[in-house]
Number of protein chains: 2
Amino acid sequence: MKDSPRPTLSDVARVAGVSTATVSRCLNEPGLVVQATRERVLRAVEELGYTPDFSGRALASRRTNTVGAVIPTMENAIFARGIQAFQEALTGAGVTLLVASSGYDPEQEAQQIQTLIGRGADGLLLIGAARPASTYDLLKRRGMPFVLAWNLGAGDDPFVGFDNADAAARITRKVLEMGHREIGMIAGVTAMNDRAADRVRGVRNALRDAGLDADALPVIEAPYSFEDGSRAFEALMQHSPRPTAVICGNDVLAVGAIKRAKAMGLAVPEDVSITGFDDIDIASFVTPALTTIHVPHRRMGTAAAQLLLQLIAGEQARRRVEIDVELRMRGSLGPAPQTTTG
Amino acid sequence: MKDSPRPTLSDVARVAGVSTATVSRCLNEPGLVVQATRERVLRAVEELGYTPDFSGRALASRRTNTVGAVIPTMENAIFARGIQAFQEALTGAGVTLLVASSGYDPEQEAQQIQTLIGRGADGLLLIGAARPASTYDLLKRRGMPFVLAWNLGAGDDPFVGFDNADAAARITRKVLEMGHREIGMIAGVTAMNDRAADRVRGVRNALRDAGLDADALPVIEAPYSFEDGSRAFEALMQHSPRPTAVICGNDVLAVGAIKRAKAMGLAVPEDVSITGFDDIDIASFVTPALTTIHVPHRRMGTAAAQLLLQLIAGEQARRRVEIDVELRMRGSLGPAPQTTTG
DNA sequence: TTGTAAGCGTTATCAC
DNA sequence: GTGATAACGCTTACAA
């Protein structure tokens, strides 16, 4: 069990008594090689434990069969799900996925994109649409196929996503419809996150459309954790007048809010309604279950893979794929309580 | 904004009016090049938007500064967290991470390992210790540094993990200490998952040590989802005698179990106690909060990165890093109810 | 059907 | 300090 150096194509060729070209053909186009030779070669491959070297292959063939994805973080359940599905779809097509994470930092994202290009990625998956023009320039100068996901793309950039602002407006209209007028929002951190920012914008739009003062909406931003959702909720309840409904930028914040509401002795939804966004597993498991926007993250990942593969293959494809999201009405949103001050 | 082919080292060399060797030096050992030349070269790099080609570099230098990780799935929160930390630590050291997922299938894992070796990974992170001997052979024949995580390694294989069986035994002893004698278990799927299997074994060991019949322990296996935890709980409650405590193989199953218990009109922990494992965020957020085993997933990921980097560098290192896990006593585990038939 | 040989983009060893 | 030039492991015309 000693450290043998990695065997190369020529090692295999020597052992099998053929040329390197034949070995290469056996591995890539077995049909071009006669059975007897093929068996001899494969036996040598087996014996030496040969694995093709990716760099050599990529360099010679100018193809990598690789795509890259730059996501903000794996610790967000929605990306974990979506990327898992994205990967499964790629694997099915014989393509390898390289994942990098940017920590929501556009500079890091640009850096990671450079790295992935350097690694020969045939195409890229990126999250959201907001990034420096320089990053788009880079992509386009290189003719690098890319797909944006989890949001709509601007211009004619290819995307597989949905309108975060519109969805947020939809859930807000529902809240208004239930009679709420004192509304607060717990948003995800909007800096460098167009999805979070769009959701805030959507809520404001809906308020404005209903003739309310959108600027008066109290918004507290919070990182993606139950605990931060809880804290933000408590802070929001200090606002006067106290909100009867709290719209959250994602389900994790909403679950945190529900928990704190209960701890504060507020009944949900009798005293205060709470809504989420994303419809991750826990949304239907929390009590009361969360009224939220259902986003089919896995389906989005799969569709993104399909589009990206088509773009890479240079096939004709619908470049702008809008994914349907749905309002899921559950127990956490109820009618506004009767005001006692009438 | 047209598709320019990727510029190469010689393009830069030509534009800067120097040799490719000089350009290479500018990028890798700037100290070896005089300032004036360096500036000229860097300007050319900038102008052309040159990015080094990874394959060419890897081929020539026989180094990749890349490590690979093969995890079962990104959809499990504990891996998402641990891998995120692993990646951050690597990035800090200038090393790129390639992530692949195996779907808990040892054959796919072996396949992914081959791919990562082919891509020139300098080292690998693998989850758990149970895999075919052939996989270990492959690794060792190649002299490929690797680190196992989330479990102890056998022999002197390097690992950063903890004793799943021991931890499960610990929580079981606590359950026994609270007076429970009718115990049931909801386990993760144990096929091809040594962590899940070890946890079942640990529970049985503790029962045996307490003089109970370990073989009589009702165990239901369930996939990693709230819903499956719920279903398994309901099934387990049909068992006679009905368990007064249900030990779950992970927090997700436990949260599912708690929810169903409430829906069945059983108070937790008054009527039935429920415990988890992992201590993911939701464990402290569910009501009642989950008694569970706290595993520092991020710390494990960071430590795994450190060990792997040391092994790759050929440095002396403690190869067997056991991570401390702790029993977190919370509301979901209470004293056994008094038997009415006693 | 198989072999020969010319690259692919980089690094690294020599000279100069 | 800088420039030729030979690898690195593989694919792919083109020849045989």
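These values consider heavy atoms only, across backbone and side chains, with no hydrogens, waters or symmetry-generated copies. Letters A, B, ... are given to chains in the order of the sequence lines, protein chains preceding strands, and every chain is numbered from 1.
A donor atom on one side chain and an acceptor atom on the other are not found under 3.5 Å apart for Q112(A) and S102(A). Side-chain contact, R38(B) with T22(B): no donor N or O sits under 3.5 Å from an acceptor N or O. No hydrogens or angles considered: a donor-acceptor pair under 3.5 Å links the side chains of Q35(B) and E39(B).
Taking the centre of each ring, W150(A) and F162(A) stay at or above the 6.0 Å mark.
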Between the protein and nucleotides 14-16 of chain C, which nitrogen or oxygen pairs are less than 3.5 angstrom apart?
none

Show me the protein contacts with nucleotides 7-10 of chain C, counting only N or O atoms at under 3.5 Å.
from    : atom 1 : to     : atom 2 : distance (Å)
dC8(C)  : O2     : L59(A) : O      : 3.3
dC8(C)  : O2     : A60(A) : N      : 3.1
dG9(C)  : N2     : G56(B) : O      : 3.2
dT10(C) : OP1    : Y50(B) : OH     : 2.4
dT10(C) : OP1    : D53(B) : N      : 2.9
dT10(C) : OP2    : L9(B)  : N      : 2.4

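With a 4.5 Å cut-off on side-chain heavy atoms, F159(B) and R320(B) count as touching. Proximity of L48(A) to V12(A): side-chain heavy atoms (C-beta onward) are separated by under 4.5 Å at one or more points.
A donor-acceptor distance shorter than 3.5 angstrom exists from the side chain of S61(B) to the backbone of R57(B), with no hydrogens or angles considered. Between the side chain of R6(B) and the backbone N or O of T51(B) there is at least one donor-acceptor pair closer than 3.5 Å. In this structure a side-chain-to-backbone donor-acceptor pair under 3.5 Å is missing from D122(A) to V67(A).
The residue among T22(A) and V33(B) whose nearest nucleotide of DNA chain D lies closer to the 5′ end is V33(B).
Looking at residues two or more places apart in sequence or on another chain, you find a side-chain hydrogen bond (donor to acceptor under 3.5 Å, both in side chains) between S101(B) and Q84(A), Q87(A).
Mapping heavy-atom proximity under 4.0 Å, the span of DNA chain D touched by chain B runs 5' to 3' from dG1(D) to dG9(D).
Of the residues in residues 112-121 of chain A, not one comes within less than 4.0 Å of DNA chain C through any heavy atom.
Residue F54(A) forms a side-chain contact (heavy atoms from CB on, under 4.5 Å) with just one option from L59(A), T96(A), T64(A), and that option is T64(A). For the side-chain contact (heavy atoms from CB on, under 4.5 Å) criterion with V147(A), the lone passing option out of L309(A), L126(A), I312(A), L307(A) is L307(A).
Taking a 6.0 Å sphere around CD of E315(A), one finds it holds more than 12 heavy atoms contributed by other residues, nucleotides or ligands. Within 6.0 Å of CD on E322(A) lie more than 12 heavy atoms contributed by other residues, nucleotides or ligands.
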Exercise for the section: Go through the steps to decide whether D11(B) and Y50(B) satisfy the test side chain to side chain contact (heavy atoms under 4.5 Å, CB included), and finish with yes or no. Expected result: CA-CA 9 Å; D11(B) 293 329; Y50(B) 168 77; over 6 Å; no
Handout entry: Strand DNA chain C in bracket notation, Watson-Crick/G-U under 3.5 Å with | for pairs to another chain
Key = ||||||||||||||||
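Backbone-only contact: R63(B) has heavy atoms under 4.0 Å from sugar-phosphate atoms and none from a base.
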